[in-house]
Amino acid sequence: TEHLHRHSSHKTKHNTLSSSLRLNIVTMNSFVNKLLCKGDVDESSGAELWDEDAVGLTHVGEAVHKVLARHHNNYHHKMWNVTRGKVVGSVHQTPMNVWGSSKDPKKKNDDWFPEKMAEIIGRTEKWCDIMSLGPPDGKFMTDFKAAIEKIAERSKTAEDTIIVRLLVGNIVGMPVNCTAVLKALTKDVPQDANMRVWVGAWRKGFSWNHAKLIAVDGVYLHTGGHNLWDQHYLKNNPVHDLSIELEGSVTRDGHRFANLQWEFIERNQRTCIGSCVDNMPDAMPTVLKTRVTVSEWPEGVADTFPPMFTKAVVAKTANYSRRNSTLEKDGVIDKGVPMITIGRLGTMVYRHRSADDAIIAMINSSQKIIRLVLQDIGPVTVPGTKRALPGLKWPKAYLAAIGEAIYQRGVDVEMVVSNPNSIPGGLKGTEANYGNGWSCVDVAAEIIKSIKKKHAEVDDGKLRAMVIDNLRICLLRHDKKGKYKDGKTIGLHSKHFIVDDVSTYIGSQNLYMCDLAEWGVVIDSEAEVKKIKEDYFDPMWADSYTGEDVDVEKVMDGLKIDRDGEQTWLEYIRQNDAQHMMPHGPSEYLCVDEVEVHAAAVGVQSAEKGEAPQDKADEADTEMDDTPTPTPVSSKEVEDSPEVDTTSSPEKTPENATKTNVDNEVKQDPTCGVLCGITDSMKLAECMNPVKASA
C-alpha cells in the first residue's frame with residue numbers, strides 16, 4: 001500500500017488502485033484481527049462515551065469513569081456502569097463484636113449473617129440472582145432453603161413465574177454437583193409452585209466465577225467477599241470478611257453481570273461436546289478446557305436454560321414500586337449516592353479486564369492516603385518457602401501504582417493483611433488457607449522495589465524515609481493479638497480499600513495474581529465512606545497496627561530477593577490461582593477429584609518439553625463473542641435485551657434417577673503435589689490421602 005501511495009500521483013488509475021487496495025487490506029486486517037483476537041476490539045480504540053450518571057463524582061470516581069469510558073466503552077452496562085444506590089445500615093462484617101476484645105467470638109456469634117442473606121433472598125417477587133465461588137453448605141444451605149420455600153409460598157399468588165438463578169464456579173478438580181445442590185434447595189418445595197430454579201457452574205481454563213452477590217428484583221443487592229461456607233465463618237477461629245447491603249439501580253448491574261455468565265453456559269452447552277458432557281454425571285471429572293453444568297427445577301417442566309434478566313421484567317413488582325415511593329421526596333426520587341460497578345470475566349473474554357483498570361485508576365488518583373484490607377497482595381507461596389509457586393508473580397501493575405503514589409505524591413499507605421496460612425473451623429491446610437505466606441516486610445519490599453525499578457536514581461536514604469514515613473503495613477489482630485485462644489492465627493478474606501477517604505471498593509476481587517470472574521462496587525461518596533471507615537477500618541486498624549511488622553532494615557535488605565515463581569513448566573498456563581485450586585472444606589456438593597488437575601499438568605509437562613498440550617476439546621470450545629454491540633457515545637439508558645422466550649428452549653434430557661458419582665472413593669493424583677507446590681514428602685503424603693466424595 002505504501003509503495004502504491006508513493007507512486008499514485010503518476011496516474012489516476014494508481015490512485016484508484018491504491019485506495020482500493022488500502023480498503024481491501026484494512027478490511028482483511030480487521031477480519032484477521034477478529035479471527036485471531038476472537039473479535040476483541042483494541043482497548044484504546046473508539047470514542048469515549050459519557051455516562052449521564054457520571055455527575056457529582058469525586059476525583060477518584062472521575063478517574064475510574066474516565067479509564068472505563070476510554071478503554072472499555074463497549075462493555076458499558078455489562079462489566080461496568082456508573083449508577084446510584086443507597087447503603088443500608090452498617091457494613092456486614094464477620095466475625096462481629098471482636099474489636100477491642102481479646103476474647104474469641106461466642107458460639108453462634110455470626111449466625112445472623114446467613115440469616116440476613118436468606119432474608120434478602122426471601123424478598124423475591126419476580127427475580128433473584130445468587131452468585132458465589134461454591135455452593136452453600138451447613139447453615140447457609142439451611143437458611144437459603146428456607147428462603148426458597150418462602151418464595152415458593154409467595155408464588156401461589158404471583159401473576160408471573162418467579163425466577164431464581166444460582167451460579168457458582170466450577171473449580172478444576174472439584175466439579176460442582178448442580179443436581180445435588182438443586183435437590184437440596186427445593187427438597188420441600190411443591191412441584192406445582194409458580195417458580196423456576198436453575199443451578200449452574202462454569203469454568204474456562206483456569207477462570208471461573210468468584211463474584212459473590214445476591215440481587216433481587218433489580219432493587220435489593222448484597223455483595224462483597226463472603227463465600228457461603230459454614231466452617232469458615234460460623235465455627236471456631238472464623239476468618240474475617242466484609243460485605244455490604246445496597247438498594248437501588250445498582251442492583252440491576254448485578255443481574256446484568258450474571259446474564260453474561262449464564263449466556264456463556266448456554267452457548268457452550270448447546271455445542272456437541274457440551275451436550276455430551278450434559279449427559280454425564282455432574283460429579284464426573286473431564287479433561288475439557290471449558291466445562292459448563294446446569295440443572296433446572298422442576299425437571300421436565302422448566303426449560304434447560306434460564307431466561308435473561310431485563311429491567312422490564314421487574315418493573316411491575318411491588319418491590320420496584322415500593323422502592324420508588326420510599327425514595328420520593330417533594331416529587332423527586334432520591335436515587336442515592338454515586339456508585340460505579342466494576343467486574344471482569346477472566347478468560348471468558350480475550351483481553352478486557354475492566355475491574356483491574358478501574359482499581360489502578362483509583363490508586364493513581366490518590367492524593368493523600370490509601371487504606372487497604374486484603375487477604376494478601378503476594379501470590380501463593382511454595383509451602384515453607386518465600387517463593388511464589390511456579391508461574392505466579394507479584395501484581396506488578398498494582399505495586400507500581402502504589403509505589404508511584406508514595407514517590408510522586410507523598411501518599412500514605414495503610415494496609416492490613418491476613419496472618420499467613422490461617423486455617424478456620426478446625427479444617428486442614430489442604431481445605432482452607434487464608435494468607436498466602438508473605439510477611440509485611442515482603443510486601444513492603446515489593447512496593448519499594450517497584451519504586452526503585454522506575455526511578456533507578458533514587459538513593460537508599462529516600463527509600464528508607466518512605467518506608468518509615470509513608471508505608472504502614474500490619475497483620476490482622478484482635479486487641480493487638482494475632483491468634484485465637486487455641487493458638488491458631490486469625491485469617492482475613494476481605495477485598496476492601498479506601499482512597500483519600502472519599503471513595504471505597506467492596507467486592508470479590510483479590511489484588512494477588514488470579515484471573516477469575518469478579519464483581520464489586522465503588523461507593524463514591526465522602527459521607528458514606530466516612531461511615532464505612534468508622535464502622536470497619538478504624539477499629540480494625542486500632543486493634544492491628546503496632547508498628548512492629550515492618551522493619552526498615554529488613555525491607556532494604558530484601559530488595560534484591562526474587563519472590564516471583566519460576567517461569568518454567570507452569571508458564572504455559574496463562575491464568576492460574578493455586579489458592580482456589582485447593583479444596584475449601586468438605587462439601588457434599590463438591591466432588592473432589594484430581595483427574596482434571598492431572599490433565600492440566602499434562603499440558604504443563606508438554607509445554608516444558610516445547611510441545612503443545614493435547615487438549616482435543618480445544619477446537620470445540622466456544623469463545624464468548626468479544627465484540628459486543630457498540631455503546632452510543634452519549635447515552636445513559638440503553639435498551640435492555642429482549643427477555644428470552646422461555647417456552648422455546650429445548651427440554652433437557654431427563655437424568656437417570658440413580659445418578660451418582662463415578663467413584664465413591666477417589667484418590668488424588670501425585671500431580672496434585674506438583675501443582676499445589678507441595679514439595680515436602682510428609683505434606684505430600686497427607687495431601688494424597690484418599691478423599692471421600694459424596695454422591
Side-chain angles (χ1 to χ4, degrees), residues 57-68 70-71 340 342 353-374 376-378 393-417 438 440-474 494-507 509-513 520 522-524 526 529 532-533 537 541 545 547 549-550 552 555-556 558-559:
L57 300 178
T58 69
H59 64 282
V60 181
E62 288 283 3
V64 173
H65 176 233
K66 183 177 181 179
V67 73
L68 293 175
R70 175 61 177 164
H71 299 302
I340 306 176
I342 55 175
R353 305 292 186 270
S354 52
D356 301 31
D357 286 351
I359 292 171
I360 293 172
M362 292 182 73
I363 297 171
N364 286 340
S365 69
S366 62
Q367 300 298 321
K368 298 177 181 178
I369 189 167
I370 305 170
R371 310 177 196 270
L372 306 100
V373 181
L374 307 172
D376 214 319
I377 195 169
K393 295 183 177 181
W394 285 71
K396 299 300 191 291
Y398 295 139
L399 295 172
I402 294 172
E404 280 296 279
I406 294 172
Y407 182 82
Q408 296 286 12
R409 303 186 297 279
V411 172
D412 289 332
V413 174
E414 295 180 346
M415 183 187 302
V416 184
V417 295
W438 304 104
C440 295
V441 168
D442 294 319
V443 176
E446 288 299 313
I447 293 172
I448 297 301
K449 190 189 295 184
S450 73
I451 298 175
K452 193 174 180 65
K453 181 177 181 179
K454 188 165 185 179
H455 305 280
E457 74 286 354
V458 64
D459 60 73
D460 285 358
K462 187 171 183 179
L463 292 176
R464 290 173 189 273
M466 291 176 188
V467 176
I468 296 171
D469 298 336
N470 301 98
L471 196 52
R472 296 179 285 279
I473 306 174
C474 67
S494 302
K495 302 92 170 61
H496 169 57
F497 46 89
I498 303 170
V499 178
D500 289 348
D501 293 343
V502 299
S503 191
T504 185
Y505 172 87
I506 298 176
Q509 186 160 344
N510 291 300
L511 296 193
Y512 60 80
M513 179 182 175
V522 177
I523 301 168
D524 199 54
E526 184 173 1
V529 170
I532 294 171
K533 175 176 170 290
F537 186 88
W541 187 255
Y545 185 70
D549 291 314
V550 176
V552 65
V555 171
M556 299 305 294
L559 296 183

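- At least one side-chain heavy atom of L463 sits less than 4.5 Å from a side-chain heavy atom of M556.
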In sequence, state the C-alpha distance, the side-chain angles, and the governing distance for D501 and K368, and then conclude on salt bridge (Lys or Arg N to Asp or Glu O under 4.0 Å). CA-CA 9 Å; D501 293 343; K368 298 177 181 178; over 6 Å; no

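- Interatomic distance, M415 CE to R371 CZ, rounded to the nearest 0.5 Å: 13.5 Å.
- From R409, atom CZ reaches atom CD of Q367 across 5.5 Å, with rounding to the nearest 0.5 Å.
- In plain terms, the two heavy atoms of H65 and I340 that are nearest each other are N-CD1, 4.4 Å.
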Candidate pair Y512 and W438, rule side-chain contact (heavy atoms from CB on, under 4.5 Å), full reasoning: CA-CA 12 Å; Y512 60 80; W438 304 104; over 6 Å; no

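- Each of V522, I342, N364, V499 was scored for a side chain to side chain contact (heavy atoms under 4.5 Å, CB included) with I359, with one residue passing: I342.
- Distance CD1/I402 to CD1/I363: 4.5 Å, rounded to 0.5 Å.
- H455 approaches V458 most closely through the heavy-atom pair O-CG1, 2.9 Å.
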Check against side-chain contact (heavy atoms from CB on, under 4.5 Å), V413 and N470:
CA-CA 6 Å; V413 174; N470 301 98; over 6 Å; no

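- One side chain, T58 or D524, offers a donor N or O that lies under 3.5 Å from an acceptor on the other.
- Within a 6.0 Å radius of CD in Q408, other residues, nucleotides and ligands contribute more than 12 heavy atoms.
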Worksheet entry | L372 vs V416, side-chain contact (heavy atoms from CB on, under 4.5 Å): CA-CA, chis, key distance, verdict | CA-CA 6 Å; L372 306 100; V416 184; over 6 Å; no

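- For A444 against V555, the heavy-atom pair with the smallest separation is CB-CG2, 3.8 Å.
- When all heavy atoms of I370 and S366 are compared, the closest pair comes out as CD1-OG, 3.6 Å.
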Requested in this report: May I have the step-by-step check of salt bridge (Lys or Arg N to Asp or Glu O under 4.0 Å) for D460 and K452, ending in yes or no?
Outcome: CA-CA 9 Å; D460 285 358; K452 193 174 180 65; 3.7 Å; yes

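- From C440, atom SG reaches atom CD1 of I473 across 6.0 Å, with rounding to the nearest 0.5 Å.
- Between the D376 side chain and the G378 main chain, a donor and an acceptor come within less than 3.5 Å of each other.
- Looking at every heavy atom in both residues, S450 comes nearest to L399 through OG-O, 3.2 Å.
- To the nearest 0.5 Å, atoms CD (E446) and CG (L559) are separated by 9.0 Å.
- Residues H496 and Y505 keep their aromatic ring centres 6.0 Å or farther apart.
- Residues satisfying the ring pair (Phe, Tyr, Trp, His ring centres under 6.0 Å) test with H59, not counting sequence neighbours, are none.
- K449 is not listed as a side-chain neighbour of W394, based on a closest heavy-atom distance of 4.5 Å or more.
- Cation-pi geometry between K462 and Y407 is satisfied (NZ or CZ under 6.0 Å from the ring centre, within 45° of the ring normal).
- Contact annotation: the side chain of D356 approaches that of Q509 to within less than 4.5 Å [non-hydrogen atoms, C-beta and beyond].
- Between D500 and S365 the shortest heavy-atom distance is OD2-O, 3.9 Å.
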*Give the intermediate values and the outcome of side-chain contact (heavy atoms from CB on, under 4.5 Å) for residues I532 and F537.*
CA-CA 7 Å; I532 294 171; F537 186 88; over 6 Å; no

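- When side chains are defined from C-beta on, V373 does not count as touching F497, because their heavy atoms never get closer than 4.5 Å.
- The CD1 atom of I377 sits 12.5 Å away from the CG atom of D442 when rounded to the nearest 0.5 Å.
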